[in-house]
Protein chains: 2
Amino acid sequence: MAGARALQKEKTRQAIIDAALMHLSAEHSFASLSLREVAREAGIAPTSFYRHFNDMDELGLTLVDESGLTLRELMRKARQRIEKNGSVINTSVETFMEFVERNPNIFRLLLRERSGTSVKFREAVAREVNHFKDELTEYLMAESEYSQEFAYTLAEGLVTLVFNAGAEALDLNPIEREKLKQRTILQLRFITFGAASEGKKA
Amino acid sequence: MAGARALQKEKTRQAIIDAALMHLSAEHSFASLSLREVAREAGIAPTSFYRHFNDMDELGLTLVDESGLTLRELMRKARQRIEKNGSVINTSVETFMEFVERNPNIFRLLLRERSGTSVKFREAVAREVNHFKDELTEYLMAESEYSQEFAYTLAEGLVTLVFNAGAEALDLNPIEREKLKQRTILQLRFITFGAASEGKKA
DNA sequence: GGCTTAAGTGTACAGGTGTACGCTGGATTG
DNA sequence: CAATCCAGCGTACACCTGTACACTTAAGCC
């Protein structure tokens, strides 16, 4: 009753997903990936694709969701590191940059679809990014005594800066990347400190 | 000797550029625009396109350059407003948001190609954004007594936050847009203030 | 053990793409 | 005025795309 049939189907589905992710790179976006291409790479007939997804959009949304999952795993790791290490800002930047370095194409997917041509895609990415903002907001509220609104504004700024640094890191060599990392850390310190100074009133 | 021939050519060239810009929108990117499509819209035969551009990439880079030009005009206006108004942060955000509202598709072009699949495109957009960073760096150095490096780090953070707010504004209604604007202003104040506190040492 | 279900196949078609090639007709030039 | 140039055209070709449709074949089920 293991469902050898369903098992094989799942395997093929994964092959499709893997094939799609494989073709993502600096010079190939998801938008420029065709159904036939992904079917070819996955080792199935073009029409077999439809047994798993209604169209490429559905596959794309699945990819975004999977990427978000990877991203959330990262968050969990960051939290653990912070508890041991202590330095919130440094650790966060460090962890995020590590993720970008290790999963450049997954990050590229999120980055591109964030400003892509599909509302659904944009919403899906926004949802993932919001997880970060919301979680960080709660952390800030617990740590300091900021109001919800105030903490959210700060969290939004922090996430924006880190996310953007990740995007810029993609095209840099290790040396420039390190410099970027240091600048980002400084920027985060500034905004955090500035908020702390004004935040007392809130 | 006005060159009726060259004049007509320039007119057609503009028609091509206009046609391309016209097709840019929330749901149509430059990447998904075909040579034939743009030729159709411009009212010329597909093959006539080659009299003006070697390929779509060349047209795309021209568009990015033109968009950068529009953006720099904006910068000039912002500077004028600041001189009269005084409030640097508010005026900057206000001006930039106005630009995004009035030229959403030009901004979308820059936004998308910034993370696009062509190195040349990415570099071209980076060049445009760097104009902002550099100019702001100089302004900050003149205003305060920051070192070049320190001022650049701050400028980078400021530009990132504003640019990103513009991107997010694209999908928002006027009410949410206004809220976003206010949050952005706050974020800029934080980072500026935080830098000022630490900047004395630099 | 036979009937059903569904994953995967292969063929076929209509429509889109970039671009090579040879031509035309009016502006430019000498 | 005659010769040249060149923006724009039309045809043609090879290639790629999504997907409709009828099929095989192996697993699932009673």
Side-chain angles (χ1 to χ4, degrees), chain A residues 1-25 27-63 112-113 116-121, chain B residues 1-25 27-63 112-113 116-121:
Chain A
M1 311 263 173
R5 172 77 143 274
L7 207 129
Q8 173 55 32
K9 178 165 187 182
E10 182 53 31
K11 208 169 144 191
T12 307
R13 188 189 141 97
Q14 252 323 304
I16 293 176
I17 291 176
D18 290 346
L21 280 177
M22 203 63 66
H23 265 353
L24 293 180
S25 69
E27 38 277 314
H28 294 109
S29 68
F30 178 77
S32 71
L33 181 63
S34 74
L35 184 151
R36 289 179 104 106
E37 226 172 322
V38 69
R40 219 177 297 135
E41 188 77 13
I44 58 170
T47 48
S48 299
F49 178 92
Y50 297 108
R51 302 283 180 205
H52 303 272
F53 303 96
N54 280 321
D55 48 33
M56 284 295 284
D57 270 26
E58 211 173 290
L59 169 59
L61 289 172
T62 305
L63 291 187
R112 283 173 181 153
E113 298 313 327
T117 52
S118 152
V119 189
K120 285 200 171 184
F121 276 52
Chain B
M1 310 265 174
R5 172 75 142 273
L7 207 130
Q8 173 55 31
K9 179 166 186 182
E10 183 52 33
K11 208 169 146 191
T12 306
R13 188 189 141 97
Q14 251 325 303
I16 293 175
I17 291 176
D18 290 347
L21 280 176
M22 202 64 65
H23 264 355
L24 292 180
S25 69
E27 38 278 315
H28 293 110
S29 68
F30 178 76
S32 72
L33 180 63
S34 74
L35 185 153
R36 290 178 104 105
E37 224 172 324
V38 69
R40 220 177 297 133
E41 187 78 12
I44 58 169
T47 48
S48 299
F49 178 92
Y50 296 108
R51 301 285 180 200
H52 303 272
F53 303 97
N54 280 321
D55 49 32
M56 285 295 284
D57 270 26
E58 210 173 290
L59 169 59
L61 288 173
T62 305
L63 290 187
R112 282 172 181 154
E113 298 313 327
T117 51
S118 151
V119 190
K120 286 200 170 187
F121 276 54

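Letters go in sequence order (proteins before strands), and every chain restarts at 1.
Checking B:L21, B:I16, B:I17 one by one against B:V38, the side chain to side chain contact (heavy atoms under 4.5 Å, CB included) holds for a single residue, B:I16.
The distance from the NZ atom of A:K9 to the NE2 atom of A:H52 is 6.0 Å, given to the nearest 0.5 Å. Atom CG in A:L63 sits 9.5 Å away from atom CG in A:D18 (nearest 0.5 Å). Atom OG1 of B:T47 sits about 9.0 Å away from atom CZ of B:R36, to the nearest 0.5 Å.
Residue B:R40 is classed as a sugar-phosphate contact, given heavy-atom separations below 4.0 Å to backbone atoms only.
Atoms CD (B:E37) and P (C:dT17) sit 6 Å apart, rounded to a whole Å. The CD1 atom of B:I16 sits 11 Å away from the P atom of D:dA7 (whole-angstrom rounding). For B:L59 and C:dT19, the CG to P distance is 13 Å, given to the nearest whole Å. Atoms CG (B:L35) and P (D:dC9) sit 13 Å apart, rounded to a whole Å. Summarising the geometry, the separation between OH on B:Y50 and P on C:dA20 is reported as 7 Å, rounded to the nearest angstrom. Counting to the nearest Å, the P atom of C:dT17 and the CG atom of B:D55 are 16 Å from each other. The distance between atom CZ of B:F53 and atom P of D:dA7, rounded to the nearest whole Å, is 13 Å. Between the P atom of D:dG8 and the CD atom of B:E10 lies a distance of 11 Å, rounded to the nearest Å.
Inspection of the B:Q8 and B:T12 side chains reveals an N or O donor paired with an N or O acceptor under 3.5 Å.
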Do nucleotides 3-11 of chain C as a string where each nucleotide becomes B, S or -: B if the base has a protein heavy atom under 4.0 Å, S if just the sugar-phosphate does, - if no protein is that close.
--BBBBBB-

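The local environment of NE2 in A:H28 is sparse, with at most 12 non-hydrogen atoms from other residues, nucleotides or ligands closer than 6.0 Å.
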